[in-house]
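Let me begin by presenting the structure, written as structure tokens, before commenting on it.
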Amino acid sequence: MNTKFIPLSVPNFEGNEEKYVNDAVKSTWVSTGGGYVTKFEEKLAEYVKMPQAVATASGTAALHLALIVAGVGRGDEVIAATLTFIAAVNPIKYAGAEPIFVDCDDYLCMDPKSVRAFLEANCEIRDGKTYNKNTGAHVKAMMPVHVFGNMCDMEALMDIAAEYNLVVIEDATEALGSYYKEGRYAGKFAGTIGDVGCYSFNGNKIITTGGGGMLVSNRPEWAKRAKHLSTQAKADEVRFFHDEIGYNYRMTNLQAALGVAQMECLEKFITVKERNYDYYVQALHGKNGLEVLPFRTDIRANKWFYSVLLKDCGKSTDDILSGMSEAKIQTRPIWKLISDLEPYKGAQCADLSRAHYYFERVVNIPCTTNLTLEDAAVVADRLLEITE
Ligand SMILES: *Cc1c(COP(=O)(O)O)cnc(C)c1O
């Protein structure tokens, strides 16, 4: 029996993390000033091939800023995902707008067919703007989430966005490093296809700064305004001139020091994620009624999280969680649908049958970047044992 605890997803600090953080401490630049913030922004921008990136206190803050610079405000509506982390949707409410929940595809990402079906049945275009006929509200944006490092069908979503004149805010918080290999967006990273893209460096993400985020935009003036808003909209460094209502949303130099070190490891992390994913597929896929959900074949995925589908193994997600936990292996169920959570009950929804299907059947298994193949074998053996 396994005696060692195997966590789901924990940080991996094998690089220059301590060195850079110590350097930041010694310099006394621990807050939002200091060289690491700019350095981290430059490194990330270069990596995702964008001219500029704006470092924020969290991914949630980046998403909130994205909505503000996109002009989403009180009374507007935004097309949103339901099978994802609640932080992907809360910023819509911060901005005073309302989400419209749509279904996922078989990669757990926003389904273009569901988006189109909702728009066709409920909306009309007037003066180049999309209005919801049920509420009279202006549907201004869509926020596709690249779930677990997979990518949304961006060709189809961008076509719909062009047709209905919607701003596209990509939640790429789980997909740093994923990019299209083929098609119209070949070479384009998650987060760089729509109008704005957001990343997160929370503790369980592929790279971490403890907490932190980043925003990129194909509209240089939007990125500039996001940066301005993140520092209390300070228009003059010295004289306390603030020209609009800003936020304390800037990343600190301590966080950025970690970020610079983690960026140096990102490609190495993805290699390990790929290796362990391939192992799980070979060990589990098609056995005992289990499937390992695929990543799109037209992308290079960062393979951040692995999803096991309890297809017809006769066990519930709770059965798996408790069986794995007895063996000291941490697993988790996929998120409860946001549209079923208390704060969002009564929100407008498309048909969400796929999301319900996956909600009931998906568990995530250990995927840390220092997970050895031996650990992965322990995980797979235990899963097979309890689904025997
Ligand atoms: C992690 C995450 C966020 C929020 O990022 P934080 O840095 O934790 O604020 C938003 N959306 C999704 C889908 C996430 O997984």
Side-chain angles (χ1 to χ4, degrees), residues 8-11 37 40-41 44 53-68 78-95 99 101-102 104-105 107-111 141-152 157 168-178 190-191 194 196-216 226 230 247-252 254-256 258-259 262 273 301-307 332-339 341 343-344 355 358-359 362 364 367-368:
L8 180 71
S9 175
V10 290
V37 180
F40 186 28
E41 288 176 331
L44 186 127
V54 179
T56 58
S58 68
T60 311
L63 289 164
H64 186 195
L65 290 173
L67 285 155
I68 297 170
V78 177
I79 294 169
T82 187
L83 185 64
T84 188
F85 184 48
I86 195 166
V89 175
N90 284 339
I92 297 171
K93 293 290 251 183
Y94 305 165
F101 292 106
V102 295
C104 65
D105 61 16
Y107 300 102
L108 310 179
C109 291
M110 183 176 277
D111 182 11
M142 67 161 84
M143 289 180 88
V145 182
H146 302 296
V147 174
F148 296 149
N150 231 319
M151 281 179 80
C152 298
L157 289 175
V168 178
I169 298 170
E170 291 178 73
D171 181 332
T173 51
E174 303 180 357
L176 178 62
S178 299
V196 196
C198 298
Y199 303 100
S200 163
F201 314 110
N202 185 34
N204 67 349
K205 297 299 202 279
I206 191 153
I207 64 167
T208 185
T209 60
M214 199 83 81
L215 176 149
V216 295
S230 77
Y247 299 83
N248 183 9
Y249 274 178
R250 189 81 171 138
M251 181 181 278
T252 70
L254 279 181
Q255 292 167 305
L258 264 183
Q262 289 270 284
K273 294 264 189 199
N302 74 1
K303 302 209 164 118
W304 175 58
F305 254 52
Y306 313 140
S307 305
R332 58 159 227 199
I334 198 167
W335 309 279
K336 195 167 163 63
L337 302 195
I338 299 173
S339 47
L341 296 174
Y344 291 100
Y358 286 111
F359 160 67
V362 170
N364 295 120
C367 62
T368 298

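Counting starts at 1 for both ligands and their atoms, following the listed order.
Rounding to the nearest 0.5 Å places SG of Cys152 at 6.0 Å from CG of Leu157. Expressed to the nearest 0.5 Å, how far CD of Glu174 lies from CZ of Phe85 amounts to 9.0 Å. The distance from atom CG of Asn204 to atom CZ of Arg332, rounded to the nearest 0.5 Å, is 7.0 Å. Considering CG of Asn202 and OG of Ser9, their distance stands at 9.5 Å, rounded to 0.5 Å.
Taking 4.0 Å as the cut-off between side-chain N and carboxylate O, Arg250 and Glu41 count as a salt-bridged pair.
Contact between Gly212 and ligand 1 is present, with at least one heavy atom of the residue lying under 4.0 Å from the ligand.
Using a 4.0 Å cut-off between heavy atoms, Thr60 contacts ligand 1 through both its backbone and its side chain.
Using a 4.0 Å cut-off to heavy atoms of Thr84, the atoms of ligand 1 that qualify are 13 (C). Heavy-atom contacts of Val145 reach the following atoms of ligand 1: 13 (C) (cutoff under 4.0 Å). Against a heavy-atom cut-off of under 4.0 Å, Ala87 is close to the following atoms of ligand 1: 3 (C), 4 (C), 10 (C).
The protein heavy-atom contact nearest to atom 5 (O) of ligand 1 is Ser200 OG, 3.2 Å. The single protein non-hydrogen atom nearest to atom 15 (O) of ligand 1 is Glu174 OE2, 2.5 Å, given as residue, atom name and distance. Atom 11 (N) of ligand 1 has as its closest protein heavy atom Asp171 OD2, 2.8 Å. Counting protein heavy atoms only, atom 12 (C) of ligand 1 is closest to Thr173 OG1, 2.9 Å.
Side chains of Tyr107 and Val147 form no contact here, defined as non-hydrogen atoms less than 4.5 Å apart.
In plain terms, the two heavy atoms of Val216 and Leu44 that are nearest each other are CG1-CD2, 4.3 Å.
Of the N or O atoms in Lys205, one or more lie within a sub-3.5 Å distance of an N or O in ligand 1. Considering backbone and side-chain atoms together, Phe201 places no N or O closer than 3.5 Å to any N or O of ligand 1.
Ring pair Trp335/Phe148: centre-to-centre distance below 6.0 Å.
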